[in-house]
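In this chain, residues are counted from 1 in sequence order. In what follows, every heavy atom counts, from backbone to side chain, and hydrogens, waters and symmetry copies are set aside.
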Amino acid sequence: MSRETVELEKGDAQVVEGEFINIKNSSVRTVEGGHIEMQRVCSMTVDGENIDVTQGAACVVKAEALNMKKSISLVAVAENASLNSSCSVITVADGIDEVSKSNVGVMVANNITSENTSALIVVANNVEGHVTTLFDWKSALAFGAAIGGVFGLVKLLSKR
């Protein structure tokens, strides 16, 4: 990886690599670097140490420190993550420092600090703040038992 600063504005690129990357109003297939700042950027994969995304979209984001504001990601993996007014299908982190006004499909972390957040499934050791979940452990157990029962019944009937 080079130690250079890379800036891209209103462009398209396949791969952007650098130590300091600043991308605005662009679409990029892959971004790899140390400190990455993206504003209104659409990308497939983003891999870096510190990533700040504002009004962006990414399929896969992997970082040591991730900060998303008004952004969307399919999968976000980080040591420390922060989501503000964002949406993520799957977020896995050691600690989610702040989740505010966001929607997350599956959120997995040791510690989560949240405010007005909705999630389908939350797996965490410690949750501080308010998280609205669709499944708690009791409803997830009941849902799994119901699906297992239906699957077993269909399999039993299909053998006849």
Side-chain angles (χ1 to χ4, degrees), residues 14-16 21 23 26-160:
Q14 291 291 319
V15 178
V16 175
I21 299 172
I23 305 172
S26 301
S27 63
V28 180
R29 185 174 183 90
T30 301
V31 181
E32 293 182 12
H35 184 83
I36 300 169
E37 292 183 12
M38 302 189 328
Q39 294 180 354
R40 293 179 294 281
V41 174
C42 179
S43 63
M44 290 292 289
T45 61
V46 182
D47 188 358
E49 294 174 10
N50 295 319
I51 299 174
D52 291 323
V53 182
T54 304
Q55 296 179 345
C59 287
V60 178
V61 180
K62 181 180 174 192
E64 291 181 15
L66 172 64
N67 186 12
M68 293 176 53
K69 295 176 186 169
K70 299 180 183 175
S71 299
I72 298 171
S73 70
L74 290 179
V75 177
V77 178
E79 288 185 22
N80 292 313
S82 176
L83 286 80
N84 292 309
S85 301
S86 297
C87 181
S88 177
V89 176
I90 299 171
T91 300
V92 178
D94 185 36
I96 298 177
D97 298 332
E98 180 183 3
V99 183
S100 177
K101 301 175 187 171
S102 298
N103 297 313
V104 181
V106 177
M107 192 164 37
V108 179
N110 285 330
N111 298 309
I112 297 172
T113 303
S114 70
E115 177 184 331
N116 296 328
T117 299
S118 298
L120 186 65
I121 297 172
V122 175
V123 179
N125 287 335
N126 184 24
V127 178
E128 296 179 17
H130 180 71
V131 178
T132 303
T133 58
L134 182 62
F135 291 115
D136 60 357
W137 71 272
K138 295 174 190 172
S139 59
L141 185 64
F143 181 75
I147 293 296
V150 169
F151 182 72
L153 184 64
V154 168
K155 191 164 185 160
L156 182 67
L157 294 175
S158 67
K159 288 184 178 181
R160 290 186 177 187

Chi angles and distances behind the side-chain contact (heavy atoms from CB on, under 4.5 Å) call for Val15, Glu32: CA-CA 8 Å; Val15 178; Glu32 293 182 12; 5.7 Å; no
Gap between atom [atom2] of [Y] and atom [atom1] of [X] - 0.5 Å precision:
{"X": "Asn80", "Y": "Asp94", "atom1": "CG", "atom2": "CG", "value": "6.5 Å"}
{"X": "Arg29", "Y": "Thr45", "atom1": "CZ", "atom2": "OG1", "value": "8.0 Å"}
{"X": "Met44", "Y": "Cys59", "atom1": "CE", "atom2": "SG", "value": "4.0 Å"}
{"X": "Asn126", "Y": "Asn110", "atom1": "CG", "atom2": "CG", "value": "9.5 Å"}
{"X": "Asn111", "Y": "Asn125", "atom1": "CG", "atom2": "CG", "value": "7.0 Å"}
{"X": "Cys87", "Y": "Met68", "atom1": "SG", "atom2": "CE", "value": "8.0 Å"}

Side chains of Thr132 and Ser118, donor plus acceptor under 3.5 Å: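 Ser118 and Thr132 do not have a side-chain donor-acceptor pair below 3.5 Å.
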Please give me the minimum heavy-atom distance between [X] and [Y], naming the atom from each residue.
{"X": "Thr113", "Y": "Asp97", "result": "CB-O, 3.0 Å"}
{"X": "Val28", "Y": "Gln14", "result": "CG1-O, 4.2 Å"}
{"X": "Leu83", "Y": "Ala81", "result": "CD1-CB, 4.2 Å"}
{"X": "Ile21", "Y": "Gly33", "result": "CD1-CA, 4.0 Å"}
{"X": "Val122", "Y": "Ile112", "result": "CG1-CD1, 3.8 Å"}
{"X": "Asn84", "Y": "Glu98", "result": "OD1-OE2, 3.2 Å"}

So does [Y] get a backbone contact from the side chain of [X], meaning a donor-acceptor N/O pair under 3.5 Å?
{"X": "Ser102", "Y": "Ser86", "result": "yes"}
{"X": "Ser82", "Y": "Asn67", "result": "no"}
{"X": "Thr117", "Y": "Val99", "result": "yes"}
{"X": "Ser43", "Y": "Thr30", "result": "no"}

Is any side-chain heavy atom of [Y] closer than 4.5 Å to one of [X]?
{"X": "Asn116", "Y": "His130", "value": "yes"}
{"X": "Val53", "Y": "Val61", "value": "no"}
{"X": "Glu37", "Y": "Gln39", "value": "no"}

Residue pair Asp52, His35: steps toward the side-chain contact (heavy atoms from CB on, under 4.5 Å) verdict: CA-CA 8 Å; Asp52 291 323; His35 184 83; 4.0 Å; yes
